[in-house]
Trainee: 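One structure is given below, represented as structure tokens, and several questions about it will come after.
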Amino acid sequence: VGRLPDVDSAMDEIALLLQHTESYERFVRHAVDEVNKARVLRREQKLEELRKRRAAEERKHIERGGGGAGGGNGPDEEERARRDEERRREEEEELAHTKALEVLPAH
């Protein structure tokens, strides 16, 4: 094994390495958490932007006389249902493309 001062010195270096490793692991976990938070925020902003754009399109459609309280026009209802379905599909697709990062456990 060697002399006692050499063993003591090696143990100190190993302890320092472990401290640095634990510190780095905390940093990586924190960075991953922040990236995940940013992704959630970006996804929410994109969905909100999409909703606003759709609402503006709906207002334009109504202003042009394409919708309103006219008493259940079949084509208008079908168009609205189609747009709602398209909106739902786009939101689901946006959610499906985002995947949370995770830190794998040490082996």
Side-chain angles (χ1 to χ4, degrees):
V1 173
R3 297 183 356 228
L4 185 59
D6 292 338
V7 172
D8 190 40
S9 176
M11 294 297 283
D12 286 342
E13 288 182 31
I14 291 171
L16 185 60
L17 274 172
L18 287 174
Q19 288 174 349
H20 286 302
T21 302
E22 290 169 352
S23 176
Y24 183 70
E25 182 183 6
R26 283 193 305 273
F27 166 75
V28 169
R29 288 185 186 281
H30 174 73
V32 165
D33 289 342
E34 292 301 310
V35 166
N36 285 335
K37 287 178 190 176
R39 285 180 169 183
V40 167
L41 180 61
R42 183 175 50 209
R43 181 178 61 232
E44 289 172 356
Q45 288 173 341
K46 281 184 177 181
L47 290 176
E48 184 61 29
E49 185 179 301
L50 180 64
R51 288 183 193 116
K52 286 180 181 179
R53 189 173 12 155
R54 294 292 183 196
E57 289 174 3
E58 184 75 22
R59 281 193 304 274
K60 284 181 185 177
H61 182 71
I62 290 172
E63 288 172 0
R64 287 187 210 137
N73 296 334
D76 286 339
E77 291 300 320
E78 289 175 8
E79 179 66 20
R80 180 173 288 125
R82 185 191 62 76
R83 284 194 308 262
D84 289 344
E85 178 64 23
E86 183 180 323
R87 185 178 307 140
R88 186 187 58 77
R89 241 185 300 117
E90 286 177 353
E91 289 178 2
E92 286 178 358
E93 184 176 312
E94 181 65 34
L95 291 173
H97 287 333
T98 56
K99 193 174 185 182
L101 293 177
E102 57 183 273
V103 179
L104 297 177
H107 297 298

Trainee: Between atom CD of Gln45 and atom CG of Leu47, what is the distance when rounded to the nearest 0.5 Å?
Mentor: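 Answer rounded to 0.5 Å: 10.5 Å.
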
Trainee: Checking Tyr24 now: which residues fulfil side chain to side chain contact (heavy atoms under 4.5 Å, CB included) with it, not counting sequence neighbours?
Mentor: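 Scan of Tyr24 (side chain to side chain contact (heavy atoms under 4.5 Å, CB included), adjacent residues dropped) gives Phe27, Val28.
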
Trainee: Under 3.5 Å, which donor-acceptor pairs link side chains of residues 32-39 to any protein atom two or more places apart or in another chain?
Mentor:
from  : atom 1 : to     : atom 2 : distance (Å)
Glu34 : OE2    : Lys37  : NZ     : 3.4
Asn36 : OD1    : Leu101 : N      : 2.7
Asn36 : ND2    : Val32  : O      : 3.4
Asn36 : ND2    : Leu101 : O      : 2.9
Arg39 : NH1    : Lys99  : O      : 2.6

Trainee: Is there any salt bridge (Lys or Arg N to Asp or Glu O under 4.0 Å) pair reaching into residues 7-19, and which pairs are they, with sequence neighbours excluded?
Mentor: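 For residues 7-19: none.
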
Trainee: Could you grab the distance from atom NE2 of His30 to atom CD of Glu25, nearest 0.5 Å is fine?
Mentor: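 Reported value, rounded in 0.5 Å steps: 14.5 Å.
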
Trainee: Applying the side-chain hydrogen bond (donor to acceptor under 3.5 Å, both in side chains) test to Glu57, which of His61, Arg54, Arg53 qualifies?
Mentor: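 When His61, Arg54, Arg53 are each tested with Glu57, the side-chain hydrogen bond (donor to acceptor under 3.5 Å, both in side chains) holds only for Arg54.
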
Trainee: What's the separation between atom OG1 in Thr21 and atom CZ in Arg26, rounded to the nearest 0.5 Å?
Mentor: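 It is 10.5 Å, given to the nearest 0.5 Å.
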
Trainee: Please give the remaining members of the hydrophobic cluster of Ile14, linking ILVMFWY side chains under 4.5 Å, ordered by chain and number.
Mentor: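 Members other than Ile14 - counting any ILVMFWY side chain reachable under 4.5 Å - are Leu18.
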
Trainee: With sequence neighbours left out, write down each residue that passes salt bridge (Lys or Arg N to Asp or Glu O under 4.0 Å) with Arg82, or none if nothing qualifies.
Mentor: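 For Arg82, the residues satisfying salt bridge (Lys or Arg N to Asp or Glu O under 4.0 Å) (neighbours in sequence not counted) are Glu79, Glu86.
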
Trainee: Restricting to side-chain hydrogen bond (donor to acceptor under 3.5 Å, both in side chains), what partner residues turn up for Arg88, sequence neighbours left out?
Mentor: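 Listed in chain order: Glu85, Glu92.
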
Trainee: Under the salt bridge (Lys or Arg N to Asp or Glu O under 4.0 Å) rule, collect the residues that match up with Glu58, sequence neighbours excluded.
Mentor: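 If we apply the salt bridge (Lys or Arg N to Asp or Glu O under 4.0 Å) test to Glu58, skipping adjacent residues, the hits are Arg80, Arg83.
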
Trainee: With Arg42, which residues qualify under salt bridge (Lys or Arg N to Asp or Glu O under 4.0 Å), at least two apart?
Mentor: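 Salt bridge (Lys or Arg N to Asp or Glu O under 4.0 Å) check on Arg42 returns nothing, list empty.
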
Trainee: If the condition is side chain to side chain contact (heavy atoms under 4.5 Å, CB included), which residues does Glu49 pass it with, not counting sequence neighbours?
Mentor: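 If we apply the side chain to side chain contact (heavy atoms under 4.5 Å, CB included) test to Glu49, skipping adjacent residues, there are no hits.
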
Trainee: Considering residues at least two apart in sequence or located in another chain, which fulfil the salt bridge (Lys or Arg N to Asp or Glu O under 4.0 Å) criterion with Glu48?
Mentor: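 Partners of Glu48 by the salt bridge (Lys or Arg N to Asp or Glu O under 4.0 Å) criterion, ordered by chain and then number, come out as Arg51.
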
